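By convention in this document, chain letters (A, B, ...) are assigned in the order of the sequence lines, proteins followed by strands, and residues within each chain are numbered from 1. What you see is a predicted model, and the numbers here were worked out from it, not measured in a lab.
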2 protein chains.
Amino acid sequence: MVKAQGGIPARRTTIVTLSQIAGVAPSTVTRALRGDTRISKKTRDKILALAQKHGYTPNILARTLSSGRNGLYGLVLGPSTNPFYAELMYEATALAEQLGFRILIIHAGTGSIEERTAQALLNYQVNGCIISSATMSSQAGKICDSNNVPLVMVNRVAYQSGCAVTCDNRGGGEELARHLVEKGRQSFGVIRTSNFSSTARDREEGFLTEIRNAGYDVTLRIDGKSTYEGGFAAAEQIAALPPRDRPEALFALSDIMAMGLMDGLRLKGINVPDDIAVVGFDGIPQSGRAIYDLTTLEQPLTLMLKRAFDMIEARVDDRTIPEEVITLRGRLIVRGTSG
Amino acid sequence: MVKAQGGIPARRTTIVTLSQIAGVAPSTVTRALRGDTRISKKTRDKILALAQKHGYTPNILARTLSSGRNGLYGLVLGPSTNPFYAELMYEATALAEQLGFRILIIHAGTGSIEERTAQALLNYQVNGCIISSATMSSQAGKICDSNNVPLVMVNRVAYQSGCAVTCDNRGGGEELARHLVEKGRQSFGVIRTSNFSSTARDREEGFLTEIRNAGYDVTLRIDGKSTYEGGFAAAEQIAALPPRDRPEALFALSDIMAMGLMDGLRLKGINVPDDIAVVGFDGIPQSGRAIYDLTTLEQPLTLMLKRAFDMIEARVDDRTIPEEVITLRGRLIVRGTSG
DNA sequence: CCTTAGTGCGCAAACGTGTGCGCAATATCG
DNA sequence: CGATATTGCGCACACGTTTGCGCACTAAGG
């Protein structure tokens, strides 16, 4: 209950307020504001002017209660150690702002989405939720499913079911492999991740396939833990190898690992790309810094999110649309680290 | 309106549903769930069990409509080019999760908060809003004020009025200055920002004061634009100077600029700290990377946000609490770049 | 037995918005 | 001119939750 200060009950202007001033029914005000054609132009103009004058702003929460629609979209983010997620959040926010939506942060960090988190989605009656990293517990998935909350995975494909928008990770891996082969590299290593996400697996498989097609093989695999520090540690392992055992090219499954890797190599006096070529994946802005100048495969992040929003919107209108997976092709950015 | 699929109207369980099953009034269910003492233990236990069994989750939106309280906190973030804001978002989310709140991203990026953004706060009836960077247009401030939306600036102090939680930027600048002087540096430069935030100004003033106290002066000032790229460009300007005109120590007003600065210097063959010492401000995690190993002044971010939440909560309960500014002391982290 | 105090709960309204239905007035047509 | 279609709007209820008020019942005290 809003307490008035100083005795004047400065209640906020609502549709009812406006209707009283205009001398019409609240329903008329609603329809006028929402542009219902059945309201005469004269009445509508009058009400719009009144709304403007009294600084009316709709109470979205009340609207939700009545019509089920609010512009609220949940967002689940991966850990802060990968700037990719921060970028995703910024992109999603910008896109939402443009489309008139709002982003509700549901969870940010590692760990899977448990029942408690899924309930938050219901508590706030979000129209849908974009999940960028974490996996869902089956219990949580069931909750969302049975309550008709459309879920879309971005940058990840669920194992059993669910909507998803993802980059062509396999194709990207292949493209990077071909690029390195064209550059004349003949032995290869992969800085991979310990988690079993579809994303990481597809990238690695694509890479491996094309390397083998070219008649070579991946001879070194190190877990880079999807972090800068993991990539850095991998560099130390590589530096510890006798130089002739070191691969001529390394594929870090994500840019952030590639950055750690390069810094690690640099500190050990190993030159990129003269001694070892490095390529990454994601296309985060930091990879373009002169100090890295990383060859990478850029994900079409803005477009991916746009598709994700579209998917949710479509399913809000029609719950019966079947599950859908969209794969978008990434773009190879050739920079200095691939030789 | 939730459309049922397959003929079975799988409506969500609400307080009314529960009340019907239990054979009591909805008001009794509410009070039982909220732990009102006037409900007998027997009834309460029965209802709690029922709620558990039927997977009841409260509809916060409806609660808001009726009681004005939801756990929604707006968050306004600065540009993505400074990872400090991403970290702030992650911290705020973690803290909110702990306290049972939710974060609604209101705006992320550059630019001031205009009327339209302020209205979003009203649309969703947020309990309050944390503003981490942008300045508010006076119109937007008025809207929030007249609608009793508590605002707290974090990492910034408003010029005229408003609540704020901030690090002791002036004191931090002084501490960094003393540290560099102790290390024997005798000439100084500052990589500053073009915007006129209180934060940047205080840091620079504190630094300047102590440098002068020690009998030296700041002889070089470059605009680093609060970005990595700005810091990098500053390095190129400095490298273009004849070596004896270069300051012996540089203070970048934020870590992200310090990082760009160091990379720029490195690429020009200038050694840190042998040729030039560098210190930053903020204490973002990236500054601790081996490749930077930056001496900096860490902001107590978690605590700052905790205080911000507390401030808002207090003002939700009691609108008459006057405006308040809290300043928290930061922590000097001495690493390798200060010599 | 009567009064008083306290306990446990229900009634009904309120929060702000959306919508199906229907009524009245006007326009259109035969 | 009368019948029908169209336009413009109001009524009433719904969404899920909270809360002031008050009623009924029990326990305690005189």
Side-chain angles (χ1 to χ4, degrees), chain A residues 1-4 9 11-47 51 54-72 119 122-125 127 147-148, chain B residues 1-4 9 11-47 51 54-72 119 122-125 127 147-148:
Chain A
M1 199 63 59
V2 177
K3 290 263 171 51
R11 298 200 57 76
R12 83 179 256 170
T13 37
T14 98
I15 283 196
V16 177
T17 322
L18 291 180
S19 75
Q20 286 164 351
I21 301 172
V24 297
S27 52
T28 304
V29 177
T30 299
R31 290 193 250 254
L33 292 174
R34 310 221 81 208
D36 193 311
T37 54
R38 304 191 53 105
I39 300 294
S40 71
K41 183 156 186 341
K42 207 179 90 188
T43 312
R44 181 165 61 237
D45 288 348
K46 179 171 128 195
I47 291 176
H54 289 80
Y56 168 78
T57 54
N59 183 335
I60 308 261
L61 273 44
R63 174 182 301 171
T64 308
L65 194 55
S66 158
S67 75
R69 285 281 193 96
N70 56 18
L72 235 39
Q119 296 221 349
L122 302 185
N123 289 341
Y124 291 95
Q125 303 271 99
N127 282 165
N147 284 79
N148 286 324
Chain B
M1 197 66 59
V2 177
K3 290 264 171 48
R11 296 199 60 75
R12 95 180 244 168
T13 41
T14 106
I15 284 198
V16 176
T17 320
L18 290 180
S19 74
Q20 285 164 352
I21 300 174
V24 299
S27 51
T28 304
V29 176
T30 298
R31 290 193 251 254
L33 292 175
R34 313 221 82 205
D36 193 308
T37 54
R38 303 190 54 102
I39 300 295
S40 69
K41 185 160 184 338
K42 206 178 91 189
T43 311
R44 182 166 62 236
D45 288 348
K46 180 170 124 196
I47 290 176
H54 289 79
Y56 167 77
T57 54
N59 183 335
I60 309 261
L61 273 45
R63 174 181 302 170
T64 309
L65 194 55
S66 159
S67 75
R69 286 284 192 96
N70 56 18
L72 235 37
Q119 295 221 348
L122 302 184
N123 289 341
Y124 292 94
Q125 303 270 101
N127 283 163
N147 285 79
N148 286 322

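- Atom pair Leu65(B):CG and dA14(C):C1' shows a separation of 9 Å (rounding to whole Å applied).
- Evaluation of the side-chain hydrogen bond (donor to acceptor under 3.5 Å, both in side chains) rule for Ser19(B) yields no partner, not counting sequence neighbours.
- Pairs engaging residues 33-42 of chain B under the salt bridge (charged side-chain N to carboxylate O under 4.0 Å, His left out) rule: Lys41(B)-Asp45(B) [sequence neighbours left out].
- Ser67(B) contributes no side-chain N or O that forms a donor-acceptor pair with the base of dT18(D) under 3.5 Å.
- Under the side-chain hydrogen bond (donor to acceptor under 3.5 Å, both in side chains) criterion, Thr57(A) pairs with Arg12(A), not counting sequence neighbours.
- Counting non-hydrogen atoms under 4.0 angstrom, Thr43(B) reaches the backbone sugars and phosphates but no base.
- Not one side-chain nitrogen or oxygen of Thr64(A) sits closer than 4.0 Å to the OP1 or OP2 atom of dC15(D).
- The OH atom of Tyr56(B) sits 7.0 Å away from atom CG of Leu18(B), with the distance rounded to the nearest 0.5 Å.
- Computed from C1' positions of five pairs at each end, the angle between the two local axes of the helix from dC1(C)-dG30(D) to dG30(C)-dC1(D) equals 50°, rounded to 10 degrees.
- For the pair Lys42(B) NZ and dG8(C) C1', the interatomic distance rounds to 11 Å; values are reported in whole Å.
- Contacts between residues 24-34 of chain A and DNA chain C, defined by a heavy-atom separation below 4.0 Å, involve Ser27(A), Thr30(A), Arg31(A), Arg34(A), listed by number.
- Remark: Tyr56(A) is in phosphate contact with dT17(C), judged by side-chain N or O atoms under 4.0 Å from OP1 or OP2.
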Check nucleotides 23-27 of chain C against the protein and report each pair of N or O atoms closer than 3.5 Å, with its distance, or say if there are none.
none

